[in-house]
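Notes follow the structure.
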Amino acid sequence: IFDSVVTNNRCEPLPATAVGGNGGGIANGRTNNQGGVSALVAGGIMTISGSTISNNVGASNSDLSSRAFGGGIANVGQLTIERTLILQNNAVDGRGGGISTLDVAGLPSGLVVRDSRIEGNTAGAGQGGGIVSLGTTMVERTLLRANTANNGGAIQVRTQSGPGAGGITRVSESAITGNSAVFGSAIAVSVGVPAETVVTSSTISGNTVTSGETGGSAVFASSPLALNGVTLVDNRGGRGGVFNADTLVGLYNTIAVANRDYTDAFVDCFANGAAQTW
């Protein structure tokens with residue numbers, strides 16, 4: 001898909017089915033609403049370049065607790081996105097307001113986003129306002145701004161059941177700013193992710209936890225996470241800039257300063273039940 005616009009589309013779940021409205025704008029393959037492997041059809045090799053994906057909706061089936069997978073794009077194949085705008089898409093209380101991606105064992109799969117902008121997308125009470133990664137995801141030289149969700153305002157990294165579980169999520173030379181969530185307004189890494197999540201040479205700033213003292217004002221990690229060469233500044237709410245929920249979080253060559261918790265006190269890292277000092 002080159003130099004094109006995909007906008008104002010809506011994917012509805014079928015009546016009496018447990019599969020949600022997956023891929024409001026584009027679907028490369030098919031998964032069930034929970035991101036597992038039942039009712040899965042692997043996608044192909046897809047490239048989106050120089051395009052705009054905006055104002056698309058992946059709807060939900062509330063009677064069956066069916067939640068959308070990918071408001072703008074649902075990927076269950078190998079997808080490369082370059083020089084593209086992913087704007088104001090909605091996975092209604094589901095996963096991945098902008099993009100959801102899922103690896104399929106033994107088949108070409110994974111997501112690469114570079115030189116793009118992911119802005120103003122929402123997953124409502126769900127996960128990953130900008131991106132949900134259930135597999136291998138690379139984000140390079142990309143702006144993630146003003147996305148919202150309950151978990152992972154910009155990015156949610158989570159596990160899945162069945163084949164293909166896990167993967168590597170890496171963010172480099174990017175900016176994550178102005179996003180909001182209850183847990184991890186910039187990035188949330190779920191418990192049980194059997195892989196690595198690494199952020200390098202990036203800026204995480206101006207993100208906000210929207211409710212009480214939960215999570216981290218920028219990062220919530222319950223599985224291992226590394227920040228290398230990151231500027232983490234002026235994120236607000238929750239327990240402070242980085243919330244370590246009983247896992248390993250490594251900060252290397254990183255500046256963490258002027259982050260505030262829910263009381264407006266300066267707290268850059270919170271672990272082991274207490275604010276941490278340098």
Side-chain angles (χ1 to χ4, degrees), residues 1-7 25-26 47-56 70-73 75 79-91 96-101 110-123 127-133 137-149 151-157 169-181 184-189 197-210 216-220 225 227-236 241-242 254-256 258-259:
I1 301 174
F2 294 94
D3 303 320
S4 299
V5 176
V6 180
T7 188
I26 297 170
T47 297
I48 303 172
S49 180
S51 296
T52 298
I53 315 298
S54 66
N55 294 291
N56 302 290
I73 301 169
N75 176 54
L79 173 61
T80 301
I81 299 172
E82 301 175 323
R83 298 180 294 103
T84 289
L85 304 177
I86 312 292
L87 307 175
Q88 298 176 338
N89 302 285
N90 183 7
I99 308 167
S100 281
T101 185
L111 171 69
V112 175
V113 182
R114 61 170 66 101
D115 303 315
S116 295
R117 177 154 55 99
I118 300 172
E119 182 172 1
N121 304 284
T122 183
Q127 303 173 354
I131 298 173
V132 158
S133 173
T137 298
M138 308 294 176
V139 179
E140 303 170 351
R141 300 183 300 276
T142 290
L143 173 64
L144 295 104
R145 181 168 62 192
N147 303 287
T148 63
N151 291 18
I155 301 173
Q156 169 80 35
V157 183
T169 298
R170 291 180 178 166
V171 180
S172 64
E173 300 178 81
S174 296
I176 304 175
T177 183
N179 303 281
S180 59
S185 58
I187 300 173
V189 184
T197 303
V198 180
V199 183
T200 59
S201 304
S202 296
T203 298
I204 302 174
S205 68
N207 302 286
T208 306
V209 163
T210 56
S217 59
V219 175
F220 176 86
L225 168 70
L227 306 178
N228 192 345
V230 172
T231 299
L232 187 85
V233 61
D234 194 31
N235 302 284
R236 303 200 174 204
V242 176
T254 288
I255 298 170
N259 300 286

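Along the sequence shown, the residues carry numbers beginning at 1.
Panel note: side chain Asn179, backbone Leu144; a donor-acceptor pair is recorded below 3.5 Å. For the pair Ser174 (side chain) and Arg141 (backbone), a donor-acceptor distance under 3.5 Å is present. Remark: side-chain polar atoms of Thr7 are paired, donor with acceptor, to backbone N or O of Ser54 under 3.5 angstrom. Distance alone, capped at 3.5 Å, is enough to place a donor-acceptor pair between the Thr254 side chain and the Leu227 backbone. At distances below 3.5 Å, at least one donor-acceptor pair connects side-chain atoms of Ser51 with backbone N or O atoms of Asp3.
A 4.5 Å side-chain heavy-atom check between Leu143 and Thr177 finds at least one atom pair inside the cut-off. Using a 4.5 Å cut-off on side-chain heavy atoms (C-beta onward), Ile73 and Ile81 make contact. The closest side-chain heavy-atom distance from Thr200 to Arg170 is not below 4.5 Å. Side chains of Ile255 and Val233 form no contact here, defined as non-hydrogen atoms less than 4.5 Å apart. Looking at heavy atoms from C-beta onward, Ile1 lies in side-chain contact with Ile26 at the 4.5 angstrom threshold. Side-chain contact between Arg114 and Thr80 is present, with at least one heavy-atom pair separated by less than 4.5 Å.
Using modelled atom types and a 3.5 Å distance limit, the side chains of Thr101 and Thr137 yield no donor-acceptor pair. For the residue pair Thr208 and Ser185, no side-chain donor N or O sits within less than 3.5 Å of a side-chain acceptor on the partner.
Among Arg83, Glu173, Glu140, the one residue that satisfies the side chain to side chain contact (heavy atoms under 4.5 Å, CB included) test with Asp115 is Arg83. Each of Val219, Asn235, Asn147 was scored for a side chain to side chain contact (heavy atoms under 4.5 Å, CB included) with Asn207, with one residue passing: Asn235. Under the side chain to side chain donor-acceptor pair (under 3.5 Å) rule, Asn121 has a single partner from Asn55, Asn89, Asn90, which is Asn89.
Of all heavy-atom pairs spanning Ala91 and Gly71, the tightest one is CB-N, 3.5 Å.
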